[in-house]
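The basis for the numbers below is simple: all heavy atoms, side chains too, and nothing from hydrogens, waters or symmetry mates. Naming: A, B, ... by sequence-line order, numbering from 1 per chain.
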There are 2 protein chains.
Amino acid sequence: MSTIKDVARQAGVSTMTVSRVINNTGYIRSETRARVEQAIAELGYLPNALARSLRFKQTKTIALVLTDIKNPFFTTLARGVEDAAGAQGFSVLFCNTDESEAAEGAHLSILVQKQVDGVLLVPASSESRAIPLLRAHGVPVVALDRRVHDPSVDTVRGDSEGGAYELVRHLIGLGHRRIAVLTSAHNVSTATDRVAGYRRALSEAGIAVDPRLICSDDFSTEGGFRSTQQLLALHPRPTAIFGGNNFIAFGAFRAMREAGLQVPDDCSLVTFDDLPESWLMLPFLTTVNQPAYAIGQQATELLLDRLEGRGGPAARMIVLPGELIVRRSSAPPPA
Amino acid sequence: MSTIKDVARQAGVSTMTVSRVINNTGYIRSETRARVEQAIAELGYLPNALARSLRFKQTKTIALVLTDIKNPFFTTLARGVEDAAGAQGFSVLFCNTDESEAAEGAHLSILVQKQVDGVLLVPASSESRAIPLLRAHGVPVVALDRRVHDPSVDTVRGDSEGGAYELVRHLIGLGHRRIAVLTSAHNVSTATDRVAGYRRALSEAGIAVDPRLICSDDFSTEGGFRSTQQLLALHPRPTAIFGGNNFIAFGAFRAMREAGLQVPDDCSLVTFDDLPESWLMLPFLTTVNQPAYAIGQQATELLLDRLEGRGGPAARMIVLPGELIVRRSSAPPPA
DNA sequence: CTGTTAGCGCCTTCAT
DNA sequence: ATGAAGGCGCTAACAG
């Protein structure tokens with residue numbers, strides 16, 4: 001409410017003197033400083049960060065643009081971001097895109113206008129138009145969770161290809177040969193990489209890829225539900241399903257239950273990113289868990305490094321491994 | 001990167017003319033407008049929202065201050081906030097307090113400095129110092145999920161007292177008489193209201209309150225774990241436990257399992273806010289679910305109404321009912 | 001229909 | 001050790 005002028009008047013000094021007290025800069029007689037500090041306290045003065053940012057060309061604010069905060073993977077990632085940002089005095093603006101490039105573009109335009117110092121982006125597409133926009137406006141960006149085609153973009157992500165490979169190898173080891181994968185139809189690297197890992201595991205085992213067993217829909221429960229309904233209509237049915245993410249797996253499970261099928265007796269089910277272990281009364285899904293918190297944290301630290309000019313010119317690609325957790329949802333195929 | 005001056009120069013007009021084009025205000029010859037628009041496109045100009053906000057005294061940004069985004073209740077609530085805010089062109093800054101009043105205060109000071117137009121606050125305490133701070137700086141606030149003592153604060157929350165009453169009545173109906181409640185030691189209304197509902201249900205059934213069965217710790221899995229360990233040492237043990245929130249219940253479940261006890265055979269377990277139904281392979285916990293999304297959405301709409309001067313002077317208290325969902329974790333007490 | 005002046009709140013620069 | 005002038009990018013109010 002009150003401005004630096006009010007404080008100056010109250011303390012009987014110039015605004016510059018107040019500014020010096022606030023910023024602890026230059027020389028000030030201790031009596032003067034005391035008077036100013038008293039005036040600040042009396043008025044409950046807080047400096048206007050807008051005005052400071054206008055001068056400094058720094059807002060101490062970054063943006064986190066992700067697809068859906070309701071996915072616990074992104075929730076945990078977001079928490080990693082906020083903790084790392086807060087530790088260095090940065091605030092976080094967050095936006096959901098729901099995988100829509102249009103929404104992504106709209107959000108980013110606003111973020112550029114708001115002069116965020118940098119952007120953490122879970123790109124809605126591998127060739128997100130967001131990247132050139134940010135570059136044109138000199139806003140540093142780090143891609144999270146997903147690669148983009150532009151090789152000059154810093155990226156922090158989990159190892160989707162390797163995780164998918166492990167998961168499918170696990171199924172093959174149990175004796176499965178008709179393994180389906182449910183993935184996203186969007187052009188995102190987590191989708192393509194997971195299918196790539198799936199293919200590698202199959203090919204290594206000498207199993208031919210059946211294109212009908214690769215279903216592309218949404219990274220959502222509805223997507224997993226629809227894809228699974230299609231799969232269950234096949235003859236013979238797959239004996240195992242790899243859900244490309246947690247939501248897909250939840251939808252797949254529901255579709256199987258509604259079809260009267262038991263997991264894993266009739267069909268196994270594995271996935272990426274189940275729920276946090278501590279939430280689960282009866283851990284069930286075999287999964288590869290990615291270090292979501294660390295991804296958010298390390299991406300933030302990388303971004304803040306860039307803002308300070310640290311970290312060198314070359315783009316960095318940090319790939320964090322996942323962890324295979326075998327649980328009850330995967331078993332040998334039915335006889 | 002480029003400013004209004006650059007556009008003006010490029011188009012051969014004054015900055016005022018550019019400003020008029022941007023804001024669609026006043027009269028402009030259509031040729032002039034076209035020239036300006038072309039210049040804007042050529043330069044990829046985007047107005048600096050900092051400068052505009054400094055003039056307008058409006059940032060089109062609100063803050064969401066909650067305890068922990070990782071709790072799926074708050075995640076869903078946050079999504080409701082973001083959707084409602086985005087629909088009206090507002091961005092959302094978010095902060096986690098982890099129930100710490102100190103962290104809350106630090107965040108709010110920064111938010112005031114950043115000139116957010118309003119704050120959505122899940123107060124860390126019923127007498128949060130945040131409220132007077134915000135009032136002193138003329139920042140509208142809406143309390144979410146929890147009441148504060150100050151009656152002049154708009155509030156949107158679930159019905160904790162009523163939900164707890166239903167839950168405990170359900171247990172009593174099953175035949176339980178030694179029912180424990182695990183709550184938070186923090187001075188927050190969700191804790192006190194849930195205990196109040198618990199007491200009302202007991203007293204209505206003529207069951208005396210045993211103070212040893214009311215455990216105060218954290219709203220966390222660790223809190224629930226610790227409290228439950230204490231309870232299990234009692235003779236006789238409680239036959240049912242009411243976990244004050246989802247995390248507490250997860251911790252309680254773990255403590256029981258580690259003690260070799262079966263839920264619900266040896267002890268029933270009920271809670272507020274289990275996980276979203278679609279995530280659960282095997283829905284297990286009997287729970288009262290609160291409409292988290294609606295709480296976030298309605299709180300945001302209330303706040304934005306206030307910003308526009310709508311809604312009248314009287315404080316509003318919106319209480320949304322929860323829904324009792326009976327599942328497998330509650331059963332009659334052991335014989 | 002368009003331009004000039006002034007100021008939002010703050011801080012850098014240069015005096016004193 | 002302190003103050004005065006000027007400007008960050010933008011727009012309201014007033015000219016013309």
Side-chain angles (χ1 to χ4, degrees), chain A residues 1-37 39-40 43-61 109-117 137-139, chain B residues 1-37 39-40 43-61 109-117 137-139:
Chain A
M1 235 34 220
S2 48
T3 76
I4 199 170
K5 269 190 195 162
D6 301 323
V7 176
R9 191 176 325 115
Q10 176 102 352
V13 297
S14 76
T15 61
M16 248 342 279
T17 303
V18 177
S19 175
R20 288 192 178 101
V21 171
I22 296 169
N23 297 290
N24 243 309
T25 169
Y27 299 85
I28 293 195
R29 203 158 30 129
S30 58
E31 303 170 35
T32 317
R33 151 166 289 135
R35 275 221 313 289
V36 170
E37 280 169 348
I40 289 176
L43 295 171
Y45 168 76
L46 287 176
N48 183 327
L50 249 34
R52 313 187 82 189
S53 293
L54 191 57
R55 291 239 29 159
F56 288 138
K57 305 198 172 306
Q58 234 235 79
T59 54
K60 284 280 186 179
T61 303
S109 170
I110 290 172
L111 293 171
V112 170
Q113 293 176 227
K114 295 208 176 183
Q115 313 292 120
V116 295
D117 294 335
H137 289 272
V139 181
Chain B
M1 232 38 216
S2 49
T3 76
I4 200 168
K5 270 191 195 163
D6 301 321
V7 176
R9 190 177 325 114
Q10 176 104 349
V13 297
S14 76
T15 59
M16 229 8 254
T17 302
V18 178
S19 173
R20 290 193 178 101
V21 170
I22 296 169
N23 297 290
N24 243 306
T25 169
Y27 298 85
I28 293 195
R29 208 161 22 136
S30 58
E31 304 170 34
T32 318
R33 150 165 290 134
R35 277 220 314 290
V36 171
E37 279 169 348
I40 289 175
L43 295 171
Y45 167 75
L46 287 176
N48 183 325
L50 249 34
R52 311 185 83 190
S53 292
L54 191 56
R55 289 240 28 155
F56 289 138
K57 305 199 171 304
Q58 234 235 82
T59 53
K60 284 276 182 185
T61 303
S109 169
I110 291 171
L111 294 170
V112 169
Q113 292 175 226
K114 295 210 175 181
Q115 314 292 122
V116 295
D117 294 336
H137 289 270
V139 182

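As rounded to whole Å, 16 Å separates atom C1' of dG7(D) from atom CD1 of Ile4(B). What separates CG of Leu50(B) from P of dG7(D) is a distance of 20 Å, to the nearest Å. Atom CD in Gln58(A) sits roughly 22 Å away from atom P in dG9(C) (whole-Å rounding). Here the P atom of nucleotide dT2(C) and the CZ atom of Arg29(B) are 5 Å apart, to the nearest Å. To the nearest angstrom, P of dG9(C) lies 9 Å from CG of Asp6(A). Distance CG (Asn48(A)) to P (dC10(C)): 5 Å, rounded to an integer number of Å. As rounded to whole Å, 16 Å separates atom C1' of dG9(D) from atom CZ of Phe56(A). The nearest whole Å value for the distance from the NZ atom in Lys114(B) to the P atom in dC10(C) is 16 Å.
Picking from dC11(C), dG9(D), dT11(D) the nucleotide with the shortest atom distance to the side chain of Arg55(A) gives dC11(C). Of the candidate nucleotides dA1(D), dT2(C), dC10(C), dA1(D) has the atom nearest to the side chain of Tyr27(A).
With respect to Val7(B), the side chain to side chain contact (heavy atoms under 4.5 Å, CB included) criterion is satisfied by exactly one of Val21(B), Leu43(B), Thr15(B): Leu43(B).
Looking at heavy-atom distances under 4.0 Å, Leu54(B) makes contact with a base.
One side chain, Lys114(A) or Thr61(B), offers a donor N or O that lies under 3.5 Å from an acceptor on the other.
Between Thr32(A) and dT2(D), a side-chain N or O to OP1/OP2 separation shorter than 4.0 Å is present. Side-chain nitrogen and oxygen atoms of Tyr45(B) include none within less than 4.0 Å of the OP1 or OP2 phosphate oxygen of dG9(D).
DNA chain D is contacted by Thr15(B), Met16(B), Ser19(B), Arg20(B) of residues 10-22 of chain B, taking any non-hydrogen atom closer than 4.0 Å.
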Requested in this report: Report the C-alpha distance between Val112(A) and Ser109(A) in whole Å, list the side-chain angles of each, state the deciding distance to 0.1 Å, and finish with yes or no for side chain to side chain contact (heavy atoms under 4.5 Å, CB included).
Outcome: CA-CA 5 Å; Val112(A) 170; Ser109(A) 170; 5.9 Å; no
Query raised in the report: Taking it one step at a time, do Lys57(B) and Leu50(A) satisfy side chain to side chain contact (heavy atoms under 4.5 Å, CB included)?
Result: CA-CA 10 Å; Lys57(B) 305 199 171 304; Leu50(A) 249 34; over 6 Å; no
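Comparing Lys57(B) and Arg33(B) against DNA chain C, the residue whose closest nucleotide sits nearer the 5' end is Arg33(B).
To the nearest 0.5 angstrom, Ile4(A) atom CD1 is 12.5 Å from Arg9(A) atom CZ.
Smallest separation of non-hydrogen atoms from Pro47(A) and Arg52(A): CB-CD, 4.1 Å. Minimum interatomic distance between Thr59(A) and Ser53(A) (heavy atoms only, all atoms of both residues): CA-OG, 3.5 Å.
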